[in-house]
Amino acid sequence: MKVTAITCEAYNLLHHGTLVLADISANGIRIDTELLRYNIDKVARMIARTEKELKNSPIWQDWRKRYGSKAKLTSGHQLGCVLMEHYPDTWKEEGRLTATGKPKTDEETLSTIEIPFVQKYVYLSKLNKLRSTYLQGILRETDANGFLHPMFGLGLARTYRSQSDHPNFQNQPIRIPWMAKFIRSCFVARPGRHLVEIDLKGAEVCVSACYNRDPKLIAYVSNPALDMHRDMAAEIFKCTIDQVNKDVRHTAKNLFVFPQFYGDWYLSCAKNIWDAIRKRKLHLNDGTDMFTHLKKKGISRLGACKPKTPALPGTFEKHMQDVEHAFWYDRFKVYTEWKERWFAEYQKKGWFQTLTGFIIQGFLNKKEVINYGIQGSAFHCLLWSLIKLHSYIQRHNMKTLIVGQIHDSILADVPAEELHQFLDIANRIITKQLPAAWPWIIVPIVAEVEASPLGGSWFDKKPVELK
DNA sequence: AAACAGTGCGCG
DNA sequence: AAAGCGCGCACTGTTT
């Protein structure tokens, strides 16, 4: 793919953005190295204990017999071969083999084998990831003064997003709370300061609405009284919006709406949601178990989920097929028309231009053509804000330091006495100046703020009300 | 010893 | 017709 910034404005964005990102790297984020070392020891002990437990199992005896001195507890390939003997059916299902035809041993596949040995293996993998990639990765890159300087680049991602390395600051754990705690509690504010994270609320959905101009999507992101994820939850689970609780909404958002926007299809959504009902024990607001509720609504099973076999009535698979159809051909039909037009135009020309003035060309499939512009422009909203914010901080001789950036959020280390001023200007840039500078932004942009206690950690951040 | 392909998993 | 977009990093197992 050829990467060319064409408009002058697009060039300037990358130019100034690069300078700001370099400054962010130079500032660095403070690391509690003592806690980091303590956590590394603690996780090491957890790993040792888990390995010992696994090695007491008869399955490990079997494993040893097979591989002798080459037997390795961390080898997914070896595990796959050992388990294949006892659970061959696990890998008979569609999509359970790797690209080279070997049995997959990812968490998703292994979660179907509900024996302690396998579940413990999954846990051990997580512990090893935590120790190697994150805790040790951070320690390795931390300088002698206790500051970490992640790098950020604008010249690599095909979407014109940024990337980060040494270490990657943009994939530090947050979704699994116990993992997040081990790591994020080591990222701390400098003395007398707060770590402040400012997020562009629903950035990609907002920017998507600016591309496709679907009136219903625009309404959803413009009217705080409306809630797309809640509405979709009600459709997916055949209930009223009052019956939707946080967990159910979260499931609809992350296992249907977002995947659909990225080009996923109903069959994979159906499987994932059905799994989530079981694993997360979903229920309605009044306490009714979700499976019981769906049964009452005429849905008693998932269905075969075979791509070439038509979905049968009374299955969740069939229901999700209908939900998907209504989603794209009724609710968001203007969005669908835009997708068709956008892709057809690309096929004719071989390139397209993003709303922020970048050309993207090369051999791309439909999903890439649909997604790249949205993903890139959403990040550029953040980058533009970041540049403005940085410039304001310099001009006003503020002591605030911007220390990181994660696609749609900014992390800053803010002296207590500057907190009010900082939040005020950041909010003004994001919600007022940004939409004023870019007329293609036709929906409100909202900032969300979280802050750590004084001298506290990234893990301890709590929402802050913006006035 | 170094490079490479394949796999898996963390984040938005 | 195919069946989720973008990244970085660690590890296994093989090849150079």
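Numbers restart at 1 for each chain; the letters A, B, ... are given by sequence-line order, proteins then strands.
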Discussion item. Any base atoms under 4.0 Å from A/Lys366, or only sugar-phosphate, or nothing? Heavy atoms, all strands.
Written reply: nothing
Taking atom C1' in both B/dC9 and C/dG4, what distance in whole Å separates the two?
16 Å
Whole-Å distance, A/Ile138 CD1 to B/dC11 P, equals 13 Å
Residue pair A/Asp165/A/Arg161 against DNA chain C: nearer the 5' end by closest nucleotide is A/Arg161
Report task. Tell me what A/Gln78 touches on the nucleic acid: a base, only sugar-phosphate, or nothing, going by heavy atoms under 4.0 Å. Result -> sugar-phosphate
Taking every heavy atom of A/Ser111 against every heavy atom of A/Glu114, the minimum-distance pair comes out as O-CG, 3.7 Å
Next on the checklist: When you measure from the side-chain N and O atoms of A/Thr100 to the phosphate of B/dT7, is any distance below 4.0 Å, counting only OP1 and OP2?
Outcome noted: yes
Just wondering, more than 12 heavy atoms not from A/Arg66 lying within 6.0 Å of its CZ?
yes
Check: Reckon A/Ile374 touches a base, only the sugar-phosphate, or nothing at all at heavy-atom distances under 4.0 Å?
Finding: nothing
Side-chain N or O of A/Thr98 less than 4.0 angstrom from OP1 or OP2 on B/dT7? yes
Distance-only side-chain donor-acceptor flag, A/Tyr121 / A/Thr50, under 3.5 Å:
no
**Prompt:** Ion pair present between A/Lys333 and A/Glu340, side-chain N to carboxylate O less than 4.0 angstrom?
**Reply:** no
Considering every strand and a 4.0 Å limit on heavy-atom distances, what is the contact class for A/Glu204: base, sugar-phosphate, or nothing?
nothing
Correct closest heavy-atom pair for A/Phe379 and A/His407 would be CD1-O, 3.4 Å
Between the side chains of A/Glu9 and A/Trp438, is a donor N or O closer than 3.5 angstrom to an acceptor N or O? yes
Note: chain A reaches DNA chain C at heavy-atom distances under 4.0 Å over the stretch, first to last nt, 5' to 3', of C/dA3 to C/dG13
Expected list for residues 262-274 of chain A near DNA chain B, using heavy atoms below 4.0 Å, is none
query: With distance as the sole criterion, is a donor-acceptor pair present between the side chains of A/Asn128 and A/Ser125 under 3.5 Å?
result: no
| query | How is A/Ser125 classified with respect to the nucleic acid when contacts are heavy atoms under 4.0 Å: base, sugar-phosphate, or nothing? | reply | nothing
Ion pair check, A/Arg301 and A/Glu317, cut-off under 4.0 Å
no
- Under 4.0 Å: is that the gap between some side-chain N or O of A/Arg175 and OP1 or OP2 of B/dG12? yes
Using a heavy-atom cut-off of 4.0 Å across all strands, would you classify A/Lys367 as base, sugar-phosphate, or nothing? sugar-phosphate
Ion pair check, A/Asp275 and A/Arg278, cut-off under 4.0 Å: yes
- Does a side chain donor of either A/Asp247 or A/Thr251 reach within less than 3.5 Å of an acceptor in the other side chain? no
Subject >> Pair A/Glu93 + A/Lys104, salt bridge at N-O below 4.0 Å >> reply: no
Would you say that A/Glu94 contacts A/Lys306 through its side chain, given a criterion of any heavy-atom pair below 4.5 Å between the two side chains? no
Secondary structure of DNA chain C per the Watson-Crick/G-U criterion (both distances under 3.5 Å; [ ] crossing, | other strand, . unpaired) is ....||||||||||||
